[in-house]
Amino acid sequence: RWISRPLREVTEAASELAEGNYSTRVPVSGPMEIQVVGTAFNEMAERVELTQQAQHDFLANVSHDLRTPLTSIQGFAQAIYEGVADEDASQRAAKIIHSEAGRLTRMVNELLDLAKIQAGRMDMMRQSVELDQILTTISESLSIKAQEKNIDLQVQIPNLPRIAGDGDRLAQVFTNLIDNAIKHTPDGGRVWIRAELDTKGGILTRVEDTGEGIPKEDLPRIFERFYQVDKSRTKRIGTGLGLAIVQEIVRAHAGYIWAESEYGQGARFNVWLPQPMVDMGKTVVMSKSALAARLEKMSDGQ
Ligand code: ADP
């Protein structure tokens with residue numbers, strides 16, 4: 001009975017889990033081998049429960065975030081065709097419809113991007129990439145935006161060895177991070193972009209700002225889809241998908257991204273990208289299975 005009872009409990013719990021009761025756990029008892037089974041079951045149940053919760057939250061967020069601009073488009077369009085608005089108000093309404101439709105398009109495009117990357121269907125190119133060139137170009141193009149806000153944009157990028165990756169996608173990563181830094185930094189602030197070769201044989205790029213920073217409780221969640229720190233609808237212009245996509249792209253390059261921040265004292269986003277294992281002249285292509293194994297290891301470690 002010492003052996004069969006705990007095994008029966010695991011069997012029953014497995015059926016409960018299959019029926020959708022994701023909070024099911026088993027007491028860990030019996031001989032050591034059976035205890036290992038019980039512990040493994042509980043760990044699996046915990047993961048299933050977390051995944052279910054994440055999916056549930058995600059769906060709720062998507063529906064909510066798609067509905068908000070739709071409601072506003074519907075309302076303003078009605079005002080125009082019913083003729084309740086004068087010339088000026090019609091102009092304003094049309095402007096709002098245009099901008100909300102733009103937001104919807106951005107959101108749907110970003111969602112498609114995210115889905116493609118996650119399903120492994122977005123072909124990440126493996127080209128020889130000059131990260132220093134990419135960073136310099138982006139910094140130059142965003143310097144205009146920084147100037148408008150009187151932000152001191154400091155760029156320290158040495159000559160770096162080439163890495164293997166998708167240049168356009170990496171440009172998307174750093175454009176997003178630098179754009180966020182400028183967006184969240186008040187007039188007269190400072191944004192640094194620094195890159196260096198690190199001792200572990202990778203390239204570490206940091207985007208740091210003197211902006212509002214991120215509250216401690218929000219910090220672990222900012223890479224989640226649709227997560228936005230400022231929940232007040234009036235201030236929301238983004239989609240909350242930018243950092244989720246950034247993280248997926250970095251992961252697809254077998255790299256890491258993490259954020260540090262002291263609320264009220266700015267934020268720092270770090271991106272670590274590995275260098276190719278062999279000379280890029282010979283073209284390095286990491287096999288899909290090797291990349292998948294590496295990603296799995298990384299997600300376990302985080
Ligand atoms: P959004 O479309 O809202 O910009 P992101 O995924 O890019 O979405 O960012 C998620 C949230 O993280 C943002 O709503 C913002 O509150 C916070 N955030 C991102 N970058 C910074 C930064 N440099 N400083 C402060 N907060 C930031």
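Heavy-atom basis, side chains included; hydrogens, waters and symmetry copies ignored. Starting from 1, each residue takes its place in the sequence as its number. Keep in mind that this is a model prediction, so the values were computed, not measured. Just so you know, ligand 1 is whichever comes first in the structure, and atom 1 is the first atom listed for that ligand.
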With a 4.5 Å cut-off on side-chain heavy atoms, are [Y] and [X] touching?
| X | Y | value |
| --- | --- | --- |
| Glu49 | Gln52 | no |
| Met107 | Asp65 | yes |
| Trp192 | Thr210 | yes |

contact_flag Phe269 ligand 1 heavy-atom lt 4.0 Å: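 It does; at least one heavy atom falls under 4.0 Å.
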Measuring from the heavy atoms of Ala181, does anything fall under 4.0 Å of ligand 1?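 Contact present.
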Nearest-0.5 Å distance, CD of residue Glu208 to CZ of residue Phe269: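 Rounded to the nearest 0.5 Å, the CD-CZ separation comes to 11.5 Å.
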Using heavy-atom distances only, which candidate in Leu243, Ile214, Leu219, Asp209 approaches atom 23 (N) of ligand 1 most closely?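 The residue whose heavy atom sits nearest atom 23 (N) of ligand 1 is Asp209.
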Step by step, would you call Gln127 with Asp166 a side chain to side chain donor-acceptor pair (under 3.5 Å)? CA-CA 6 Å; Gln127 329 151 301; Asp166 188 321; 5.4 Å; no
N/O separation below 3.5 Å, Asn180 to ligand 1: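 Yes, at least one N or O pair falls under 3.5 Å.
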Under a 4.0 angstrom heavy-atom cut-off, which atoms of ligand 1 come close to [X]?
| X | result |
| --- | --- |
| Gly240 | 1 (P), 2 (O), 3 (O), 6 (O), 8 (O) |
| Val229 | 14 (O), 16 (O), 17 (C) |
| Lys183 | 4 (O) |

Indicate whether the side chain of Ser90 and that of Asp88 have a donor and an acceptor atom separated by less than 3.5 Å.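 No, Asp88 and Ser90 have no side-chain donor paired with an acceptor closer than 3.5 Å.
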